[in-house]
Amino acid sequence: MDYLKTVVPSQLMAERGANLVVINPGSANVRMGFASQDVPFNVPHCIARHKSDAGKLSVRDQRLNCRAGSTHNAEREKAYDIIASLLKIPFLTEVSSSENQPLPPKMGRVDGLSSQQNKDDNKLNWTDVLDRSIKSSTSTESSDADEDPSQSTSDDGNMPNSKEIKYKEMIFGEDALKIPPSAPYCLSRPIRRGHFNISQNYQLHQVLEDLRTIWNWMLIEKLHINPKDRNLYSVILVLAETFDNREIKEMLSIVLGDLGFSTAVVHQEALAAAFGNGLSTTCVVNIGAQVTQVVCVEDGVALPHTALALPYGGDDISRCLLWVQHRHRTWPSFKTEPMKRPMDMLMLNKIKEAYSQIRSGSFDAVAHVHSYEHEKSVGQQKTRLSALSVPPMGLLYPRLLIPEEYPPPPRPWFQDCDDMLEDTWQTNDGVSGNGGLGAWDNYQMLPTRLKKFDNIGLVEAIVSSILSTGRVDLQRKLFCSIQLVGGVALTAGLAPVLEQRVLNTIPSNQPVERVVVLQSGRNPLFIPWKGGVILGVLDIGRDAWIHREDWIKNGVHVGSGRKYKDSYFLQSQIMCYYNA
């Protein structure tokens with residue numbers, strides 16, 4: 001494999017990283033920090049605003065496909081049977097007939113309540129939504145465990161005295177996900193499935209305002225950068241390939257116009273992931289919470305024609321875990337609704353992260369499952385979870401996951417003349433370019449956009465992406481340099497399964513004998529962010545950086561040769577000196 005020979009000295013990192021902020025926004029979380037930090041702050045990408053109508057907690061994602069049809073259910077059952085057969089998981093009839101027998105070979109059980117764990121470690125506490133800073137001194141603090149933290153109603157069902165109690169206007173991050181159901185808040189997630197979460201109930205201006213507010217809160221509360229000092233800092237946006245041209249433009253306008261940074265630059269997430277692991281040629285497989293992306297990188301340049309986007313990720317695996325437990329009748333009689341109650345989703349994510357892995361046999365675990373249906377009495381039950389190897393296998397058999405896919409948001413607003421790349425720009429050599437095409441459509445090497453498939457599995461996506469390079473020597477390098485990033489990359493057993501399945505899926509007429517999934521030296525969740533740090537620190541000339549004054553005036557610095565309207569140019573120009 002090819003490793004970058006460039007090493008970033010700690011002194012150089014300290015000197016250039018102190019005033020450099022790196023932001024890596026995702027569908028579920030946003031990672032933000034100074035370039036001088038080892039790891040960024042990782043915060044759920046959401047905001048809850050207090051509602052004046054004093055209704056219950058509402059979530060803007062009401063358009064979710066919560067119920068699968070009969071066809072989807074049949075496909076999901078078929079996918080489960082295929083996975084169970086491959087992993088040698090006993091069918092329900094076999095389990096019921098042998099439940100009193102000793103565990104067969106290759107059948108493991110893990111006690112999730114070891115002596116080093118407290119039984120309430122996985123318990124989540126409701127967020128206190130009251131603004132205690134202005135409440136009267138005679139009020140008493142509520143307990144974390146059993147008392148209703150929302151205090152939204154009095155004993156007679158009426159609202160409490162407004163002179164004594166005032167709700168917080170806005171709540172961010174994980175605290176926003178743990179707001180009690182009876183509290184009068186509206187929870188919003190500005191990015192879903194790799195795009196702005198635009199709908200009839202969530203307009204563009206609201207999405208942008210929420211993004212600005214969330215990022216501003218993190219800059220103040222986490223990084224301690226006051227607005228008046230922002231002109232002393234530069235920002236790197238590490239953006240997923242799923243974002244459209246105008247979405248990139250809007251985020252640039254937020255950091256340069258609203259948040260007040262002096263300069264900014266955009267880098268592709270896949271390219272940053274390669275640099276974050278010290279690789280120049282690799283196939284990046286980024287398994288996020290809601291989107292999985294596959295992009296090949298050669299000699300420090302992302303190859304756009306290899307990019308694939310798959311509409312599933314870690315959140316889908318968590319919901320599939322619940323479906324599998326219902327299927328095995330192991331889940332308690334709790335009303336767990338992860339698509340309607342954020343606390344339930346948090347619980348499922350924690351269970352998935354703690355116990356989900358891929359291995360042969362019926363892998364079980366014992367854990368405490370909590371009920372968050374009622375605020376004042378959080379129920380819990382010690383539960384034996386079954387077939388924990390099945391949910392992550394949904395990455396290979398996505399029909400196990402697709403019934404709970406988010407529907408795509410409406411896209412008509414991308415067709416307006418304000419699209420960052422849908423205007424015709426004038427190059428410095430006088431040649432008119434773009435002509436209404438997207439950034440990658442205008443790229444000479446490959447006139448295609450990011451490809452998106454609904455039903456293709458991860459193995460097929462990797463093979464398709466690498467083979468699309470069309471060169472045997474490069475294909476061999478890429479098959480021996482597959483890099484897993486994202487939170488799901490931590491799933492035990494995933495790498496060897498991918499190696500075997502990818503090798504078996506490569507057509508027999510291809511001269512490839514070996515497949516290697518590389519082990520990362522860093523937390524795979526933060527590798528793209530770290531790559532953004534490296535790219536920013538090593539960028540001496542800053543030729544691709546956008547200055548605040550230039551962007552606010554017209555988005556293009558006339559005569560500079562820097563075509564700000566071409567996002568691919570912005571993302572790739574900085575890489576020129578690596579290949580000089």
Side-chain angles (χ1 to χ4, degrees), residues 23-33 40-51 55-64 124-129 149-150 167-199 201-223 239-240 242-243 247 250-251 254 258-259 288-291 313-316 318-319 337-350 353 372 404 406 409 486-487 525 529:
I23 304 176
N24 179 211
S27 300
N29 299 283
V30 54
R31 290 157 287 278
M32 182 186 297
F41 294 98
N42 187 40
V43 175
H45 212 174
C46 60
I47 179 175
R49 297 180 184 271
H50 177 244
K51 298 188 298 183
K56 294 183 178 181
L57 175 68
S58 61
V59 182
R60 287 193 186 271
D61 295 315
Q62 295 298 328
R63 296 175 61 252
L64 297 181
L124 302 170
N125 295 320
W126 297 111
T127 296
D128 186 351
V129 299
S150 69
Y167 289 102
K168 298 175 182 177
E169 288 299 320
M170 293 178 290
I171 301 177
F172 302 88
E174 185 168 316
D175 285 342
L177 299 177
K178 297 190 294 186
I179 292 177
S182 65
Y185 283 85
C186 179
L187 178 67
S188 302
R189 301 177 176 95
I191 298 177
R192 300 300 273 173
R193 296 289 177 186
H195 285 290
F196 286 176
N197 188 20
I198 301 170
S199 68
N201 298 322
Y202 199 14
Q203 299 297 320
L204 172 62
H205 69 90
Q206 295 172 312
V207 170
L208 298 179
E209 174 63 20
D210 285 346
L211 277 177
R212 184 198 67 79
T213 305
I214 294 170
W215 294 4
N216 185 63
W217 170 78
M218 290 191 67
L219 290 170
I220 295 175
E221 296 296 328
K222 304 296 183 181
L223 274 62
L239 301 181
T242 57
F243 286 117
E247 289 172 320
E250 297 293 354
M251 284 185 278
I254 288 175
D258 299 328
L259 300 180
Q290 299 168 14
V291 177
D315 284 359
D316 303 277
S318 297
R319 284 191 292 270
E337 297 180 317
M339 304 184 81
K340 295 182 179 179
R341 192 178 301 120
M343 279 282 271
D344 287 341
M345 191 68 205
L346 279 176
M347 176 186 65
L348 288 172
N349 277 331
K350 290 182 180 295
E353 294 166 4
Y372 299 99
E404 293 166 346
Y406 289 84
L525 182 63
W529 180 88

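All values below come from the heavy atoms of this structure, side chains included, with hydrogens, waters and symmetry mates left out.
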D315/R193 ion pair, N-O < 4.0 Å: no

Basic-acidic side-chain contact under 4.0 Å: K350, E353: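 Judged by the 4.0 Å cut-off on N to carboxylate O distance, K350 and E353 do not form a salt bridge.
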
Report yes if some heavy atom in the side chain of [X] is under 4.5 Å from a heavy atom in the side chain of [Y]; otherwise report no.
| X | Y | result |
| --- | --- | --- |
| L219 | L259 | yes |
| K178 | P342 | no |
| P40 | N24 | no |

Can you see which heavy atom on [X] is nearest to which on [Y], and at what distance?
| X | Y | answer |
| --- | --- | --- |
| N29 | R31 | CB-NH1, 3.7 Å |
| H50 | Y167 | NE2-CD1, 3.4 Å |
| V291 | G194 | CG2-N, 3.6 Å |
| F243 | I191 | CZ-CD1, 3.8 Å |
| P180 | V129 | CD-CG1, 4.0 Å |
| I179 | A48 | CD1-CB, 3.3 Å |

Nearest-0.5 Å distance that lies between atom [atom1] in [X] and atom [atom2] in [Y]:
| X | Y | atom1 | atom2 | answer |
| --- | --- | --- | --- | --- |
| D258 | M251 | CG | CE | 13.5 Å |
| C46 | L177 | SG | CG | 4.0 Å |
| T242 | Q290 | OG1 | CD | 10.5 Å |
| K51 | L187 | NZ | CG | 10.5 Å |
| I47 | L211 | CD1 | CG | 10.0 Å |
| W126 | Y372 | CH2 | OH | 8.0 Å |

W217 and F172 aromatic ring geometry - parallel, tilted or perpendicular at 30°/60° bounds: parallel

Main-chain N/O of F196 paired with E247 side-chain donor or acceptor, under 3.5 Å: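 Pair found, side chain donor or acceptor close to backbone of F196.
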
Side-chain (Y185) to main-chain (K168) donor-acceptor, under 3.5 angstrom: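 Indeed, once roles are kept as given, a pair shorter than 3.5 Å links the two residues.
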
Verdict with reasoning, R319 to M345, per side chain to side chain contact (heavy atoms under 4.5 Å, CB included): CA-CA 8 Å; R319 284 191 292 270; M345 191 68 205; 4.0 Å; yes

Full working for side chain to side chain donor-acceptor pair (under 3.5 Å) between N197 and R192: CA-CA 5 Å; N197 188 20; R192 300 300 273 173; 5.7 Å; no

Test applied, side-chain hydrogen bond (donor to acceptor under 3.5 Å, both in side chains); reference residue, D210; option that passes from R189, R49, H45: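 Only one option passes, and that is R49.
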
